[in-house]
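Some notes on the structure that comes next.
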Amino acid sequence: MTPRIIPVDLFDLVVFGATGDLSQRKLLPALFHRDLQGQIPPESRIIGSSRRPFSNDEFKDFARASLEAHVDESERHADVMARFIDRLSYVAADAAQDDGWMELEKSLQPGLDRIRVFYLAVGPDLFGPICEKLGTHKLVTPQSRVVIEKPLGKSGASAHALNESISRVFSEPQIYRIDHYLGKETVQNLMALRFANALFEPVWNSAHIDHVQITVSETLGVEGRAGYYDTAGALRDMVQNHMLQLLCLVAMEPPTSTAADALRDEKLKVLKALAPITGDAVANLSVRGQYRAGAANGGAVKGYLEELGSNTSKTETFVALKAEIRNWRWSGVPFYLRTGKRLPSRVSEIVVTFKPIPHSVFEPSAGPIAPNRLVIRLQPDEGVKLWLMIKDPGPGGMRLSHVPLDMSFADAFNVRNPDAYERLIMDVVRGSQALFMRRDEVEAAWAWIDPVLDAWAASSELPKAYTSGTWGPSAAVALIERDGRTWYEDQDL
Ligand code: BG6
């Protein structure tokens, strides 16, 4: 299948933090891929900026090296490489000083009527100061947009302050808050599955669904990010954003359209309907863990504290939660969430387990009847599995088996899956905010997370230890098993 390319209007993109990790690993490769597909208009410019005193040529060399490291050799056609590198220029600017800003203004000339994207690939402490400089140097045109990414605060209060500082310069329709999970192909497929099929919506409620599990497991540890990670932990790093966004897409009411605010209004209602987890309930409804040395990724690995070089950290590298949505559709249906580092396999999936059949017409010899399950696999091997009961083929009487109707997207559509950043950057240029978080969504997600963080901070208990390469602390198994349910385990993993 050939991918369909929708051209975008002429734009200039300024990447602040252009010499950093995000730019190197994700942004430059994503932009290159879009150029390779012919989506970037010939005159569009990409301007890198950071405090480093790079010349244009040094930045071009840096970008070339990034592409060599992160884009497959077969895709690095010489003519596209040359065209892409030619778009690049560099301006050294410091958010705390006035140096560089006039030069940045010059490098954006002529181009007042072009779409102008400011991508802040920097720490959140610089979001406010950079926006302020953009404002004072009159770089913000009506066609300008700003892109930011988590951590969007460490709590509701700090997220609010961050939003305030940005909104002094940019209006809400100009602000694009990235959650890269929303750019993933299968996350959007979740919308297609729910709202482009008549089959699921009638049974998508507490009358037919027993519970929902959302798992995002990683085999990696914190690698070189221990400094950041130790100030965040799994709840802030994964649950407040990615996992709550997934939960919203599973649980929201059908929006009236896919217009950004139609979608975001529905997601916001779900966040507001989450039953608060506070006080004593925190110990019953949440489990936090921290990995110890063990075996993962095919070898022996260190524990979190050893990687961090400190033995006092209380930061969780694993979290499991039982959430409840208080509305008509979901009353009584638990949503179990779990995520962690150094788990046995890398998988992100949503598992919807339906209620058991009300009455069996079969003899006991037919075997047990397992409930239907819909498994939406976001990564790896994106696809959908619907577990059904069927008759075992052949003679021997009626024996029932639980088998998946299995659709792997890679097998079904022979098409390259674009990285989330490719889609998201092009959406910013198009002015489509549907896959970006609105301010009130981010703040509502924090409002649910804050009491859990507060209760953990106030508790003298440490995160429960788990051995690297296992599915987290045994308390996470107990969290779901005491409700008579089990975590879904795919035999293929
Ligand atoms: C990031 C987190 O947002 O998502 C990382 O900060 C995590 O800790 C990553 O590893 C997971 O993303 P993906 O796309 O690899 O599932």
Side-chain angles (χ1 to χ4, degrees), residues 17 20-27 29-30 33 70 119-124 147-154 159 176-190 214-247 249 288-291 296-297 301 304 307-308 313 315-319 337-350 376-383 409 416-425 435-437 441-442 445-446 449 453 463 468 472 493:
D21 190 54
L22 179 65
S23 160
Q24 209 169 347
R25 280 189 312 110
K26 293 289 184 183
L27 306 183
H33 274 115
H70 300 287
Y119 199 120
L120 309 194
V122 293
V147 186
I148 54 173
E149 188 165 355
K150 77 164 193 21
L152 301 176
K154 284 196 71 185
Y176 289 73
R177 296 179 189 82
I178 286 201
D179 183 315
H180 80 278
Y181 265 59
L182 293 180
K184 288 186 191 271
E185 187 74 13
T186 320
V187 174
Q188 289 167 66
N189 235 318
L190 186 56
I214 303 178
T215 294
V216 177
S217 64
E218 297 182 273
T219 52
L220 293 178
V222 290
E223 315 302 313
R225 299 166 71 224
Y228 149 75
Y229 195 87
D230 201 54
T231 64
L235 191 62
R236 290 190 181 96
D237 187 49
M238 296 297 289
V239 180
Q240 189 273 342
N241 37 71
H242 310 321
M243 297 194 71
L244 285 185
Q245 286 292 322
L246 296 181
L247 177 142
L249 292 173
R288 56 186 166 143
Q290 195 183 66
Y291 61 82
N297 269 336
V301 293
Y304 177 72
E307 276 184 336
L308 186 67
S313 173
T315 300
E316 77 288 357
T317 59
F318 174 98
V319 56
L337 314 180
R338 70 175 164 165
T339 183
K341 301 218 180 263
R342 289 279 186 240
L343 301 185
S345 53
R346 175 176 183 252
V347 59
S348 298
E349 66 191 3
I350 298 164
I376 302 154
R377 173 76 69 87
L378 311 180
Q379 60 191 27
D381 314 326
E382 294 87 344
F409 295 152
R416 171 185 166 267
N417 218 348
D419 186 75
Y421 284 91
E422 293 180 41
R423 170 175 292 115
L424 294 173
I425 297 172
L435 299 179
F436 297 84
M437 295 177 296
E441 270 182 88
V442 174
W446 276 119
I449 293 289
L453 287 169
S468 289
L493 289 177

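For ligands, and for the atoms within them, numbers begin at 1 and follow the listed sequence. Note that the structure is predicted; figures quoted are calculated from it, not measured.
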Under a 4.0 angstrom heavy-atom cut-off, which atoms of ligand 1 come close to [X]?
{"X": "D237", "value": "2 (C), 5 (C), 6 (O), 8 (O)"}
{"X": "K184", "value": "13 (P), 14 (O), 16 (O)"}
{"X": "K341", "value": "5 (C), 7 (C), 8 (O), 10 (O)"}
{"X": "K150", "value": "1 (C), 2 (C), 3 (O), 6 (O)"}

For a 4.5 angstrom cut-off between non-hydrogen side-chain atoms, does K341 reach Y291?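 Side chain of K341 against side chain of Y291, heavy atoms only: contact under 4.5 Å found.
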
On a heavy-atom basis, which atom in [X] and which in [Y] lie closest, and how many Å separate them?
{"X": "S345", "Y": "S217", "value": "O-OG, 2.7 Å"}
{"X": "G289", "Y": "P463", "value": "C-CB, 3.8 Å"}
{"X": "V216", "Y": "T339", "value": "O-OG1, 2.7 Å"}

Atom 12 (O) of ligand 1: which protein heavy atom is closest, and how many Å away? H180 NE2, 3.2 Å

Heavy-atom nearest neighbour in the protein, as seen from atom 16 (O) of ligand 1, with distance rounded to 0.1 Å: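 Answer for atom 16 (O) of ligand 1: Y181 OH, 2.4 Å.
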
Looking at D21 and K26, is any side-chain nitrogen of the basic one under 4.0 Å from a carboxylate oxygen of the acidic one? no

Between E185 and R423, is the closest basic N to carboxylate O distance under 4.0 Å? yes

Purely on distance, is any nitrogen or oxygen of Q379 under 3.5 Å from one on ligand 1? yes

When only distance counts, is S348 in polar contact with ligand 1, meaning an N/O pair under 3.5 Å?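 No, no N or O pair falls under 3.5 Å.
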
Please state whether the rings of H180 and H242 are parallel, tilted or perpendicular, taking 30° and 60° as the class boundaries. perpendicular

Pick whichever of H242, R225, E218, R236 has a heavy atom sitting closest to atom 5 (C) of ligand 1. R225

Taking heavy atoms and a distance under 4.0 Å, where does R346 meet ligand 1: side chain, backbone, both or neither?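 It is the side chain that gets close, since no backbone atom is under 4.0 Å.
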
